[in-house]
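Here is the naming used below: chain letters follow the sequence lines, and residue numbers restart at 1 for every chain. Here the structure is a predicted model, which means the values were calculated and not measured. Note: hydrogens, waters and symmetry copies are ignored here, and every other heavy atom, side chains too, is used.
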There are 2 protein chains.
Amino acid sequence: MSTQGRGLHGHVLDILGPEITAGEYPPGSVLRTDELAHRFDVSRSVMREVVRVLESMRLVESRRRVGVTVLPICEWNVYDPQVIRWRLAGADRPRQLRSLTVLRSAIEPVAAGLAARNATAEQCAELTECALGMVAHSRGQQLEAYLVHDMAFHRVVLTASGNEMFARLGDVVAEVLAGRTHHDVMFDDPDPAAVTLHVQVAEAVRERDAARAEELTRQITVGALQELDILAPRVEF
Amino acid sequence: MSTQGRGLHGHVLDILGPEITAGEYPPGSVLRTDELAHRFDVSRSVMREVVRVLESMRLVESRRRVGVTVLPICEWNVYDPQVIRWRLAGADRPRQLRSLTVLRSAIEPVAAGLAARNATAEQCAELTECALGMVAHSRGQQLEAYLVHDMAFHRVVLTASGNEMFARLGDVVAEVLAGRTHHDVMFDDPDPAAVTLHVQVAEAVRERDAARAEELTRQITVGALQELDILAPRVEF
DNA sequence: TCTCTTGAAAACGTCTTACTAATGGGCTTC
DNA sequence: GAAGCCCATTAGTAAGACGTTTTCAAGAGA
């Protein structure tokens, strides 16, 4: 599921983007538009469009007489979904997974609290449905079905918060959850305690108990962090 | 401080981007590359590069035989610093300011907690210095000088957290703080309670008291939210 | 020898033109 | 009325020429 297989432009981006985010060109490296165009066998026009996009992601900077310079990580637009996908697919996947999980631990509890205030009746119903789906598939090697409901659950919470910045993290959280199931070691069945917590969050939101929804969600994210510490301890801090 | 006045490309972007984020073209509106090129008096090449960048921000989508379609807000990359700047400069500034402040209230307490664990001795010193600077300029119409130290304080906390996702929000927080001082009604002097809280956060971080740093920062952000409610109640939720 | 000036080379920036390709809508046909 | 074909439309790609800025080095002068 690359972003835009459409067009030569998207194709080149799908190769060059991951290379840069993987750190194959150290910060300060200089690429030449013409060379890249030749390498990918595309016209300079196409190559220029690719560079423009990379530039808007702050992965590179283009300067006259110098070339296309790779920027240090601290400059990157690390919230760009495309950049996140590239990094998750690449070498510093563990690091990215950790920073995203920490991000979740900050965002989701607050989002859940807001959801308890702002969720529509329909969203409350969706939430309950997702939680029940998680329960239903929590035993007997049904990780895929479980994952679907888990992703949906968190997406509904973030959307129901009513804050667009939170809502936009739905995709990111989904990828983190999917990553946990697909790439990393995952226990045969999800932690029963976590399943229960999801059900309780749905309850709390339905009952408009913001404080409880927040606290329960905090427990979920703390659990996710601990799980990460067990599987891949001390990758960064 | 527009992103890149460099080049025709940047110039067109600085006009078209704000127009789109201001909602001047309702979602589903169709723009034609040729028309835009003619309107801005640039070549189609330049216009195509602009469209590519807008596309990477998910503000528009380009399809053959159709044109450049404006996407609904829910598709936008709302974490793109450029998009944030455009929106802050435009019509839905209040809405953007509110969602960013809510975001702050989720992120900063957690970041402060992490900072208490991870901050270097140098960062602790910087933090104290910033807090003292805030105190020094907290009375007598020195809002500008106060703002400088306030922005620096929060940037250091976010950086010291050691999480790159948090660190990258330094600019955003700075713009929110600057916006509060410059564009919105601001009391003559900053709230003394807030000043004290900053000093205490610096203390807590220095003493490695994560829980206290988190709780104190939570009070700061809650204050910011309340302030927003007083100045511009009920803009969205 | 050091500095300042000047010039040229290098790389991106822009424009133009031509051509290709896909796709949505209208037209025809059954 | 439905299905399928055809074409106008608009973006996608390519190639080449020229402009512009920036850097760096060579040369002139002190």
Side-chain angles (χ1 to χ4, degrees), chain A residues 1-17 19-20 24-72 75 82, chain B residues 1-17 19-20 25-72 75-76 82:
Chain A
M1 187 187 71
S2 73
T3 314
Q4 28 202 1
R6 347 235 216 195
L8 281 183
H9 150 268
H11 179 244
V12 173
L13 207 55
D14 283 339
I15 298 177
L16 194 53
E19 284 184 358
I20 294 174
E24 292 189 24
Y25 309 96
S29 303
V30 174
L31 311 172
R32 252 81 50 96
T33 306
D34 291 322
E35 276 186 15
L36 291 172
H38 181 260
R39 172 186 160 192
F40 291 108
D41 195 34
V42 296
S43 68
R44 207 160 72 95
S45 332
V46 168
M47 205 55 233
R48 285 181 52 71
E49 290 171 21
V50 171
V51 168
R52 281 280 175 268
V53 172
L54 294 174
E55 206 173 18
S56 89
M57 295 169 176
R58 305 283 305 150
L59 296 183
V60 303
E61 199 165 57
S62 177
R63 280 170 59 201
R64 274 180 160 145
R65 161 69 191 182
V66 175
V68 177
T69 311
V70 177
L71 294 176
E75 284 287 332
Q82 186 116 352
Chain B
M1 189 186 74
S2 72
T3 314
Q4 30 202 1
R6 345 240 222 183
L8 282 182
H9 152 268
H11 180 243
V12 173
L13 206 55
D14 283 339
I15 298 177
L16 195 52
E19 284 184 1
I20 295 174
Y25 310 96
S29 303
V30 174
L31 311 172
R32 253 80 50 94
T33 305
D34 290 322
E35 275 186 16
L36 291 173
H38 181 260
R39 172 186 159 193
F40 291 107
D41 195 34
V42 296
S43 69
R44 208 160 70 95
S45 333
V46 169
M47 205 56 233
R48 285 181 52 71
E49 290 172 20
V50 171
V51 169
R52 282 278 176 269
V53 171
L54 294 173
E55 207 174 19
S56 89
M57 296 170 175
R58 304 282 305 152
L59 296 182
V60 303
E61 199 165 57
S62 177
R63 280 169 56 200
R64 275 179 158 146
R65 161 70 191 181
V66 175
V68 177
T69 311
V70 177
L71 294 177
E75 285 286 334
W76 297 357
Q82 185 117 349

What is the 5' to 3' range of DNA chain D, first to last nucleotide, that sits under 4.0 Å from any heavy atom of chain B?
dA8(D) to dT13(D)
Residues in residues 60-70 of chain A with a heavy atom under 4.0 Å of DNA chain D, by number, are Arg63(A), Arg64(A), Arg65(A)
Minimum heavy-atom separation for Ser62(A) and Val51(A), please, with both atom names.
CB-CG1, 4.2 Å
How far apart are the closest heavy atoms of Val70(A) and Tyr25(A), and which atoms are they?
CG1-O, 3.5 Å
Here the gap from Glu19(B) atom CD to Leu59(B) atom CG, rounded to the nearest 0.5 Å, amounts to 12.5 Å
d(Leu8(A) CG, Met47(A) CE) to nearest 0.5 Å is 11.0 Å
Grab the CE-C1' distance between Met47(B) and dT17(C) for me, whole Å please.
20 Å
What is the distance, to the nearest angstrom, from the CZ atom on Arg48(A) to the P atom on dA11(C)?
15 Å
Ignoring hydrogens, what is the shortest heavy-atom contact between Ile20(B) and Val60(B)? Give both atom names and the distance.
CD1-CG1, 3.8 Å
Using a 4.0 Å cut-off on heavy atoms, which residues in residues 30-42 of chain B reach DNA chain C? List them by number, or say none.
Val42(B)
Taking only residues two or more places apart in sequence, or in another chain, which ones meet Pro26(A) in a side-chain contact (heavy atoms from CB on, under 4.5 Å)?
Ser29(A)
Does anything in residues 60-69 of chain A form a salt bridge (charged side-chain N to carboxylate O under 4.0 Å, His left out)? List the pairs, not counting sequence neighbours.
Arg58(A)-Glu61(A)
More 5' along DNA chain C: Glu49(B) or Arg44(B), using each one's nearest nucleotide?
Glu49(B)
Provide the closest heavy-atom pair for Val50(A) versus His9(A) in the form atom of the first, atom of the second, distance.
CG2-O, 3.7 Å
Going by the rule side-chain hydrogen bond (donor to acceptor under 3.5 Å, both in side chains), which residues pair with Arg48(B) if we only count those two or more places apart in sequence or in a different chain?
Glu49(A)
Using the side chain to side chain contact (heavy atoms under 4.5 Å, CB included) rule, take Gln82(B) and Val53(B) through it: C-alpha gap first, then chi angles, then the decisive distance, then the call.
CA-CA 11 Å; Gln82(B) 185 117 349; Val53(B) 171; over 6 Å; no
